[in-house]
Every structure is written in structure tokens, then in C-alpha cells.
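Note on naming: letters A, B, ... go to the chains in the order of the sequence lines (proteins, then strands), and numbering restarts at 1 for each one.
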Protein chains: 2
Amino acid sequence: MARTQGSHSDITGPRIREAALGLFARHGYAAVSMRQIAGEVGVQAGALYNYTPDKQSLLFRLMRDHMQDLLAAYDDLDRPGDPQEALRQFVGFHIRFHLQRPDEVFIAYMELRNLTSENFTEIEALRRLYEDSLENILRKGQKSGQFSVTDTKITTLAVIAMLNGVITWYRSGGRLSLDEVEQVYWDMVRRAVSA
Amino acid sequence: MARTQGSHSDITGPRIREAALGLFARHGYAAVSMRQIAGEVGVQAGALYNYTPDKQSLLFRLMRDHMQDLLAAYDDLDRPGDPQEALRQFVGFHIRFHLQRPDEVFIAYMELRNLTSENFTEIEALRRLYEDSLENILRKGQKSGQFSVTDTKITTLAVIAMLNGVITWYRSGGRLSLDEVEQVYWDMVRRAVSA
DNA sequence: CTTCTATCTGAACGCCTGTTCATATAAGGT
DNA sequence: ACCTTATATGAACAGGCGTTCAGATAGAAG
């Protein structure tokens with residue numbers, strides 16, 4: 001049979017992306033086959049090629065869309081002028097945004113090496129944009145004397161690495177609430193950079 | 001031909017592990033074939049099975065040996081009694097040890113999901129041991145009033161995540177020396193936990 | 001009711017996978 | 001010089017891979 005009931009492009013497309021997202025996150029890009037993805041959607045492997053030119057593009061688009069969503073969401077915020085407040089906002093935003101999308105985040109930094117070099121370059125550029133927004137906050141605070149950081153670039157990477165750690169252990173309904181987690185991390189970040 | 005000149009068990013064995021280490025780190029466990037590893041060593045794929053029962057064991061032993069080396073190296077240190085000094089030592093040790101073994105470190109946290117569940121459990125236990133040694137320092141400092149951390153477990157994970165970040169960007173001969181990097185990170189960690 | 005077209009199937013393509021094993025050979029011991 | 005044994009080859013196995021495509025079908029359009 002073909003074109004089974006209720007099965008349309010605008011339904012199958014997202015379902016393929018969701019299935020790929022979950023499987024890539026759980027088992028890794030290289031370990032997941034197109035047939036597995038198709039199986040999860042309930043379709044034959046050939047049908048996937050109505051929605052992606054190939055497996056690589058499937059991965060790339062997941063990562064690109066995620067990075068673009070991240071940048072757009074951060075851009076949408078009303079950013080405080082005060083560096084300390086801006087940093088606090090960044091920490092909260094980063095934690096919450098990433099905890100809402102564990103699979104995307106996992107893929108975005110685990111599967112970089114499985115991108116072709118052109119695709120890697122593009123994703124790296126997006127990531128750099130995001131890091132720059134944190135670095136700008138740190139530079140502003142350094143200039144105003146509110147922060148004291150030896151090297152804004154390293155501090156940026158260190159802070160983001162620290163915040164990313166949260167997704168490896170946080171489980172909703174666990175010992176700490178989201179607010180408490182945010183508070184703990186904010187305390188550490190604030191003290192780590194404050195003058 | 002077989003048993004080519006100068007080719008012995010005690011040479012081929014390590015060479016296989018080295019080849020696997022580099023390839024797993026660069027391309028990921030799932031993306032590397034036994035034939036690729038054999039090719040790098042200069043033997044046929046079948047010969048690998050004189051040294052490992054299967055591909056999974058090759059990965060597992062690399063990870064287990066790394067974790068054991070890490071624990072042994074840390075245990076060998078003369079640990080200071082003062083929590084502040086102990087923390088400083090931990091930060092320096094962690095950065096230097098990990099920068100000396102970028103491939104092992106990369107594998108140790110990227111390939112966890114490719115371990116069978118028994119193997120995963122064993123590696124996780126070793127990792128926990130290492131994390132515990134940091135948590136003990138934090139707890140001691142908290143008790144003595146030198147540190148002020150809301151949650152020692154989270155702080156432990158946050159500090160390690162931050163320190164691990166260094167291996168993603170540090171290149172020897174780059175802008176900063178190892179000493180400078182250590183200093184920057186120590187400044188951040190110290191302030192992040194200090195009372 | 002018929003036609004058209006988007007959507008899917010199912011088989012096929014050539015190639016690669018981890019692993020096994022009979023066979024060959026070079027080194028080490030006597 | 002011979003024999004043993006560790007070590008390696010190279011072919012084979014069954015199965016999986018990403019991708020393509022002719023053909024089938026269901027829903028939309030007229």
C-alpha cells in the first residue's frame with residue numbers, strides 16, 4: 001500500500017525529524033540507520049528521501065534549526081543594560097532553554113564531528129554568535145569594573161561548559177527544582193566573575 | 001605471509017590500542033571499523049582478534065584503563081590537608097592530566113552510550129570515585145567555613161564540567177601557556193566556592 | 001466519476017560490517 | 001637443523017548500510 005490514511009507530507013516530515021532527533025541523541029548519528037528512523041515513523045526507508053536528500057542533511061538541519069532557535073529566543077529577550085543583570089539573565093535563559101531541549105543540545109555538541117566540513121563551519125559560526133553574546137556581557141562588566149575576569153574568551157567558554165553540565169544530570173522531579181538549580185549556578189557564576 | 005619481521009604480540013597489542021584510541025576519538029566508536037584500525041596498524045582485520053575478543057572490549061578497556069590511570073595518578077599525590085590547597089591541587093592536576101590525554105578524555109565522555117550496560121556501570125563507578133574526591137574537598141571546606149557552596153554534589157559536577165571545557169579549546173603553543181590557563185581556571189573555581 | 005499527482009512501497013544496487021577459521025609462516029627452543 | 005607455537009593472512013559468512021527507482025495507491029481537483 002502507499003499513501004496510507006492520514007499520512008501527509010506535513011505530518012510525516014516532522015515525525016521523521018522527531019524520530020531522528022531521539023535516535024541520534026540516544027545512540028549517536030553513526031549508530032542509527034535510516035531503516036531505524038523509518039521504522040519509528042512507521043514507514044519504509046525509501047520514503048525518508050521525500051523529506052531529506054540524505055542522512056547527513058537530516059543531522060545538519062536538526063543542528064542548524066536548534067542553533068537558530070537558540071539565537072532567536074535569546075534575541076527576543078529584553079536585555080538589561082547592567083552587566084550583572086544581563087549575566088543573571090543569560091544564566092537563567094541558558095539553563096532553562098537547554099533543559100527544555102535535552103536531545104537537541106546533546107546532538108549539537110556530540111555530533112559535530114559527524115558533520116561534513118561545510119556543515120561544521122556553518123554550525124560553528126552559529127555557536128560562535130551565541131558565545132559572543134555572553135562574551136560581550138563579560139567585557140562590558142569588566143570595563144565597568146563590576147567583573148574581574150582575566151580572559152573574557154576563556155571565561156565565556158568556562159561558564160558555558162559549566163552551565164551545559166546541568167543537562168547531564170538534571171532530571172525534573174529530582175532533588176532540586178529548576179529555580180533552585182538556577183540559583184545555585186547563578187551563585188557560582190556571579191562569584192566566579194565578580195570583582 | 002604471516003608473522004612478518006619484527007612483529008610481535010607485545011608490539012602489535014599496544015599499536016592496536018593506540019590506533020583504536022586515535023580513530024575512536026576522531027571519528028567516534030560507531031563510525032570506525034575494525035578494518036580501519038587494522039589498516040592503521042598494518043595488519044589484516046582478523047589479526048585484531050588475537051588481542052581483543054571483540055570491538056566492544058577494545059573500547060571498554062581503553063576507557064577503563066584511562067579511568068584507572070586517572071585515579072591512580074591522583075592517589076599518588078601528597079594531598080594537602082587544607083581544603084583550599086587541596087582544591088587548588090585538584091584543579092591543577094585535573095587540567096594537566098586531561099590535557100596530556102585529550103583522546104582518552106574525549107572518548108571517556110563521548111562514548112559512554114556505546115558501552116554495553118555492564119561496561120557502562122563499571123566505568124560510571126570509576127568516574128564516581130573521582131568525582132567523590134572533589135566532593136570530599138568541597139565538603140571539608142564547607143565544614144571548616146572556608147567554602148560556601150549551596151550543594152556540594154552540584155558544585156562538584158559544575159566544577160568538573162567547567163574544567164573539562166578546557167580540552168575542547170586548548171592547544172599547546174596557543175595564546176596562553178599551561179600555567180596561565182591553570183591560573184585563570186583556579187581563579188574562577190576559587191571565587192565560585194569561596195565564602 | 002475520472003484524472004492527476006503527491007506519497008509510499010518493496011525490491012534492488014554495490015558496498016561495508018564484525019567476526020570466524022583453515023592455512024601459512026617466521027621466530028624460539030632444543 | 002628440526003620442531004613447536006605464536007602470530008598473521010585472506011577468504012568467507014550472514015547481515016546491515018545508504019540510496020535509488022519503477023510501480024502502486026490514495027486523496028484532491030475538475
Side-chain angles (χ1 to χ4, degrees), chain A residues 1-21 23-24 26-63 107 111 113-119, chain B residues 1-21 23-24 26-63 107 111 113-119:
Chain A
M1 78 195 123
R3 195 86 174 263
T4 48
Q5 225 191 16
S7 141
H8 295 284
S9 175
D10 46 343
I11 294 193
T12 308
R15 290 227 298 152
I16 289 174
R17 281 189 288 276
E18 282 162 30
L21 182 72
L23 288 169
F24 288 167
R26 240 190 325 284
H27 307 294
Y29 172 78
V32 171
S33 72
M34 295 300 267
R35 285 172 178 83
Q36 273 179 272
I37 298 168
E40 189 125 316
V41 176
V43 84
Q44 295 300 313
L48 301 186
Y49 291 85
N50 290 322
Y51 302 94
T52 180
D54 47 38
K55 192 187 177 191
Q56 166 73 204
S57 301
L58 198 45
L59 173 64
F60 171 63
R61 287 174 192 178
L62 286 174
M63 293 176 71
I107 289 173
E111 303 298 351
R113 63 181 164 190
N114 286 309
L115 292 173
T116 62
S117 69
E118 295 92 351
N119 287 344
Chain B
M1 77 196 119
R3 194 87 174 264
T4 49
Q5 226 191 13
S7 139
H8 294 285
S9 175
D10 46 343
I11 294 194
T12 307
R15 291 229 296 151
I16 289 173
R17 281 189 287 276
E18 282 161 30
L21 182 72
L23 288 169
F24 288 166
R26 240 190 324 283
H27 308 295
Y29 173 77
V32 171
S33 72
M34 295 299 267
R35 285 172 179 82
Q36 272 179 272
I37 297 169
E40 189 125 316
V41 176
V43 298
Q44 295 299 313
L48 301 185
Y49 291 86
N50 289 322
Y51 303 93
T52 179
D54 47 39
K55 191 187 176 190
Q56 166 72 203
S57 302
L58 198 45
L59 173 64
F60 171 65
R61 286 173 191 178
L62 286 174
M63 293 175 72
I107 289 174
E111 304 297 351
R113 63 181 164 189
N114 286 310
L115 292 172
T116 63
S117 70
E118 294 92 352
N119 287 344

Sugar-phosphate only, base, or nothing, as touched by V41(A) at under 4.0 Å among non-hydrogen atoms: nothing
Below 4.0 Å: OP1/OP2 of dC16(C) and any side-chain N or O of S33(B): no
Partner of Y29(A) by side chain to side chain contact (heavy atoms under 4.5 Å, CB included), out of I107(A), L59(A), L62(A): L59(A)
Flag, side chain of S33(B) to backbone of Q36(B), donor-acceptor distance under 3.5 Å: yes
Atom-to-atom span, CG of N50(B) to P of dA8(D) - whole angstrom: 6 Å
Taking N or O atoms only and anything under 3.5 Å, show me the protein contacts with nucleotides 12-15 of chain D, one pair per line.
{"residue": "dA12(D)", "atom": "N6", "partner": "R35(B)", "partner atom": "NH2", "Å": "3.3"}

Rounded distance (Å) that lies between atom C1' of dA8(D) and atom CD1 of I11(B): 14 Å
Euclidean distance, atom CE of residue M34(B) to atom P of dA8(D) [Å, nearest integer]: 14 Å
Length of the CZ-P vector between R15(B) and dT7(D), whole Å: 15 Å
Atom pair distance, as rounded to whole Å: CG in L48(A) and P in dC17(D): 12 Å
CD-CG distance between E40(B) and L21(B), expressed to the nearest 0.5 angstrom: 10.5 Å
Between C1' of dG18(D) and CG of L23(A), the distance in whole Å: 16 Å
Nucleotide nearest Q44(A) when distance is taken to its side chain, options dT9(C), dT19(D), dG18(C): dT9(C)
Minimum-distance nucleotide to Y49(A) side chain [options: dG18(D), dT9(D), dC17(D)]: dG18(D)
dA8(D) OP1/OP2 closer than 4.0 Å to side-chain N/O of Y51(B): yes
Position toward the 5' end of DNA chain C (nearest nucleotide), K55(B) or A47(A): A47(A)
Protein-nucleotide distance (Y29(A), atom OH; dG18(D), atom P), rounded to Å: 8 Å
E111(B)/R113(A) ion pair, N-O < 4.0 Å: yes
Reported CG-to-CD distance for the pair L115(B) and Q56(B), which is rounded to 0.5 angstrom: 5.5 Å
Presence of T12(A) side-chain N/O under 4.0 Å of dC8(C) phosphate oxygens OP1/OP2: yes
Flag, side chain of R15(A) to backbone of V41(A), donor-acceptor distance under 3.5 Å: yes
Nearest-angstrom distance from the residue atom CD1 of I37(A) to C1' of dG18(D): 11 Å
Y49(A) side, atom OH; I16(A) side, atom CD1 - distance, nearest 0.5 Å: 10.5 Å
